[in-house]
Amino acid sequence: MHSHLFSEIMDAVSDRIAGRRTTVSVIGIRTAKLLIALLLLIEAAIVSACLGFPVFAAVLSIGAGWMVFNAWRIWRDRPYSLKDCRAFTYCLNLAAIASMPFVWSSGKLAGLR
């Protein structure tokens with residue numbers, strides 16, 4: 001869900017011009033960013049409580065903090081530029097690739113030990 005909202009933020013201007021009614025067009029960009037932060041914190045709690053994976057929970061919590069900081073200090077209620085979106089995507093992919101050995105060796109997300 002948070003990825004969907006993030007995509008809506010990136011499309012906010014074109015959606016508004018086209019007259020599309022999306023979650024972001026209804027609640028606004030800043031509120032959507034705060035909702036993303038809330039969803040990341042909920043996901044962190046689930047990952048920690050149900051899977052016993054505090055490392056991922058911490059990373060998700062840092063992401064939530066980033067979204068709050070983003071909403072109040074950096075982009076505020078402005079949509080992201082294409083350059084920003086590309087940078088975010090590269091960073092997320094690098095983080096996923098970097099975490100693969102740990103995830104595979106721990107087996108935590110698959111319920112294996």
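FYI, the numbering just counts along the sequence from 1.
Placement of I9 and F69 within a single hydrophobic cluster is found when ILVMFWY residues are connected by side-chain heavy-atom separations under 4.5 Å, directly or transitively. Cluster annotation: I62 and L60 are assigned to distinct hydrophobic clusters (Ile/Leu/Val/Met/Phe/Trp/Tyr, side-chain heavy-atom contacts under 4.5 Å, transitive). Each of V68 and I36 belongs to its own hydrophobic cluster when Ile, Leu, Val, Met, Phe, Trp and Tyr are linked at side-chain heavy-atom distances under 4.5 angstrom. Hydrophobic clustering keeps W104 apart from F56 (ILVMFWY residues linked when any side-chain heavy atoms are closer than 4.5 Å, directly or through intermediates). At a threshold of 4.5 Å between side-chain heavy atoms, the hydrophobic network of Ile, Leu, Val, Met, Phe, Trp and Tyr places W66 and L38 in one connected group.
For the pair T31 (side chain) and G28 (backbone), a donor-acceptor distance under 3.5 Å is absent.
Considering every non-hydrogen atom in both A12 and V24, the closest pair reads CB-CG1, 4.2 Å. Taking every heavy atom of both residues into account, L40 and A64 meet most closely at CD1-N, 3.7 Å.
The side-chain hydrogen bond (donor to acceptor under 3.5 Å, both in side chains) analysis of residues 32-61, with sequence neighbours excluded, yields the pairs H2-E43, K33-N70. Residue pairs that meet the side-chain hydrogen bond (donor to acceptor under 3.5 Å, both in side chains) test with at least one member in residues 89-99, sequence neighbours left out, do not exist here. Annotation: ring-ring contact (aromatic ring centres under 6.0 Å, His included) contacts involving residues 4-36, sequence neighbours excluded, comprise F6-Y80, F6-F88.
With sequence neighbours left out, the salt bridge (Lys or Arg N to Asp or Glu O under 4.0 Å) criterion links D15 to R20. Partners of R21 by side chain to side chain contact (heavy atoms under 4.5 Å, CB included), not counting sequence neighbours, listed by chain and number: S25, V26. With sequence neighbours left out, the side chain to side chain contact (heavy atoms under 4.5 Å, CB included) criterion links V59 to no other residue.
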Does the pair D84 and S81 meet the rule for a side chain to side chain donor-acceptor pair (under 3.5 Å), with working shown?
CA-CA 5 Å; D84 296 329; S81 70; 2.9 Å; yes
Run the side chain to side chain contact (heavy atoms under 4.5 Å, CB included) check on R30 and W75 step by step: do they pass?
CA-CA 9 Å; R30 181 178 282 175; W75 284 274; over 6 Å; no
Start with the C-alpha gap between T22 and D11, add the side-chain angles, then the distance that decides, and say whether side chain to side chain contact (heavy atoms under 4.5 Å, CB included) holds.
CA-CA 10 Å; T22 65; D11 295 336; over 6 Å; no
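For the atom pair L35 CG and L39 CG, the distance stands at 4.5 Å (nearest 0.5 Å).
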